[in-house]
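Hydrogens, waters and symmetry mates play no part in the numbers below; they use all other heavy atoms, side chains included. Because the structure is a prediction, the values reported are computed rather than measured.
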Amino acid sequence: MADRVYLRHSTDKQIDARQRHALAALLAAGAPAYEDPATSSRQLSLDRAGFTRLLHEAAVGDTIRIADAARLFRSVADILALRPVLIRRGLHLRVESGLLSGIDLASDDPGTKMMVSVLAAVLEFQRDMISENTREGVAAAGAAGKTLGRPAALDPSTATAIVAAYRQGAAVKALARQHRVAPKTIRRVLDAAGARYLSGPLDMPPIGPDELDDVLAPQVDVALDVPGRLADLLRIAGDEVVRLALVSGRNIRRGPGYSVRIVAPLALHRAMLEQSAATADSAGPAERKAHRVYAARVAAVEATQPHRP
């Protein structure tokens, strides 16, 4: 049972000196530290790189130590997603200072659940008030004629040329190299012009003869159990469709572990398998085993599907 320290600050202009001071005794004792620098609290804790690494390395009985609750979660949605993961993995969560310092925030009892939910609501309200004050300040500065933010990387004429080139078939990365900017800058320009969104069926690429059977084939739902370890990874690494499927699934207890029963087309199960492959491989032996088990289940169903030449 080890202590693991978690640190986060919101922007690259902030530092974590106050957090390190509150956690100084643990750090001096050699407790491993996991950081998410310049990371907004609007990004759910389960989506952050540093905290994800902490979860992968933590063992049952370990305690996550934070300087204050807002460093880890600042919304009701965040703590509702986080607590079940901590409870299933047998981890503890403690704040080092203040009124909450003697409470395990990952404890699975009604009193703690209510208290943590109220705390998250207060922190969310505080964050929203900060955002509202910021918006009002920006509006006031704009009304006074002040220019806010850093200069645009691309001028309007260049942005127009990029959109035109993209519509003629140029790739995003090629355009980024040509204009010496990051690909995400090109994507922002294209999204602002609506160039990356299809307007209707006529914009879709033609379907080849070999693909026609797959397009016309009925999508039959298949019920498969996703091992809990893999489900936890997919809640972090999966796309929106996969996460929605996990939320809609039914949790099934299996001894000390659990699984999620997903009823969905086989294509979605394949997507879940593909999206979890790289993360499971870099996680731990339990996650790799869970991936192999799920892969075997998907393969067993695929073997029963009619083969089309």
Query raised in the report: Is there a donor-acceptor contact under 3.5 Å from the side chain of Glu96 to the main chain of Arg65?
Result: no
Query raised in the report: Okay, side chain of Ser248, backbone of Leu246: is any donor-acceptor separation there less than 3.5 Å?
Result: no
Report task. Nearest 0.5 Å please: distance from the CD1 atom of Ile162 over to the CZ atom of Arg187. Result -> 13.0 Å
Query raised in the report: Can you hop from Met272 to Val298 via hydrophobic side chains spaced under 4.5 Å?
Result: yes
Query raised in the report: Any donor and acceptor pair, going by atom type alone, linking the side chain of Arg243 with main-chain N or O of Ile236 inside 3.5 Å?
Result: yes
Report summary line: So OG1 of Thr158 and CD of Gln178: to nearest 0.5 Å the spacing works out to 9.5 Å
Report task. Using distance alone, with no hydrogens and no angle criterion, decide if Arg8 and Ser10 have a side-chain donor and acceptor under 3.5 Å apart. Result -> yes
Query raised in the report: Do Arg297 and Pro227 have side-chain heavy atoms sitting under 4.5 Å apart?
Result: yes
Report summary line: Output for pair (Asp232 CG, Leu55 CG), nearest 0.5 Å, gives 8.5 Å
Query raised in the report: Does the Asp104 side chain pair with the main chain of Leu93, one donor and one acceptor, at a distance under 3.5 Å?
Result: yes
Query - Test log, rule side-chain contact (heavy atoms from CB on, under 4.5 Å), inputs Val293 and Arg229 - result: CA-CA 11 Å; Val293 169; Arg229 288 280 188 173; over 6 Å; no
Distance-only check: which donor-acceptor pairs under 3.5 Å involve side-chain atoms of residues 105-120, not counting sequence neighbours?
from   : atom 1 : to     : atom 2 : distance (Å)
Ser107 : OG     : Asp109 : OD2    : 2.6
Asp109 : OD1    : Gly111 : N      : 3.2
Asp109 : OD1    : Thr112 : N      : 2.8
Asp109 : OD1    : Thr112 : OG1    : 3.1
Asp109 : OD2    : Thr112 : OG1    : 2.8
Ser117 : OG     : Lys113 : O      : 2.9

**Report entry** Under 3.5 Å: donor-acceptor pair, side chain of Arg71, backbone of Tyr6
**Finding:** no
Query - Contact summary for Ser259 and Asp225, nearest pair of heavy atoms - result: OG-CB, 4.0 Å
Requested in this report: Give the C-alpha distance, both sets of side-chain angles, the deciding distance and a yes or no for side-chain contact (heavy atoms from CB on, under 4.5 Å) between Val163 and Leu190.
Outcome: CA-CA 6 Å; Val163 172; Leu190 297 174; 4.2 Å; yes
Report summary line: Heavy atoms of Ala182 and Ala176 approach each other most closely as C-CB, 4.0 Å
Requested in this report: Could you check His92 against Leu86 for side-chain contact (heavy atoms from CB on, under 4.5 Å), going step by step and ending with a plain yes or no?
Outcome: CA-CA 7 Å; His92 306 286; Leu86 298 180; over 6 Å; no
Query raised in the report: Can you check whether Phe51's main-chain N or O pairs, donor with acceptor, with Asp36's side chain at less than 3.5 Å?
Result: yes
Query - Non-hydrogen atoms of Ser276 and Leu234 that approach each other most closely - result: CB-CD2, 3.7 Å
Query raised in the report: So, for Ile262 and Gly249, which heavy atoms are closest and what is the spacing to 0.1 Å?
Result: CD1-CA, 3.9 Å
Query raised in the report: Does Val222 offer a backbone N or O that forms a donor-acceptor pair with the side chain of His269 under 3.5 Å?
Result: yes
Query raised in the report: Between CZ of Arg288 and CG of Leu233, what distance do you get to the nearest 0.5 Å?
Result: 11.0 Å
**Report entry** Distance-minimising heavy-atom pair for Ala58 and Leu91
**Finding:** CB-CD2, 3.8 Å
Requested in this report: Begin from the C-alpha positions of Leu7 and His9 and carry the test side-chain contact (heavy atoms from CB on, under 4.5 Å) through to its verdict.
Outcome: CA-CA 7 Å; Leu7 308 164; His9 52 269; over 6 Å; no
Requested in this report: From the options Asp3, Asp16, Ile66, Val5, select the one residue that forms a side-chain contact (heavy atoms from CB on, under 4.5 Å) with Leu23.
Outcome: Val5
Query raised in the report: Do Arg250 and Ile252 come close enough that some side-chain heavy atom pair is under 4.5 Å?
Result: yes
Query raised in the report: With hydrophobic residues grouped by side-chain heavy-atom distances under 4.5 Å, do Leu44 and Ile79 end up in a single group?
Result: no
**Report entry** Straight-line distance of Leu26 CG to Thr63 OG1, nearest 0.5 Å
**Finding:** 9.5 Å
Query raised in the report: Would you say the side-chain atoms of Arg48 pair up with the backbone N or O of Leu72, donor to acceptor, closer than 3.5 Å?
Result: yes
Report task. Say whether Arg4 and Tyr34, considering side chains only, have a donor N or O and an acceptor N or O under 3.5 Å apart. Result -> yes
Query raised in the report: Judged by atom type as modelled, is there a donor-acceptor pair below 3.5 Å linking the side chain of Asp62 to the main-chain atoms of Ala2?
Result: yes
**Report entry** Validation row: Gln275, Val241 side chains within 4.5 angstrom (heavy atoms)
**Finding:** no
Report summary line: When every non-hydrogen atom of Leu273 is compared with those of His291, the smallest separation belongs to O-NE2, 3.2 Å
Report summary line: Rounding to 0.5 Å, atoms CG (Asp191) and CD1 (Ile186) come to a distance of 11.5 Å
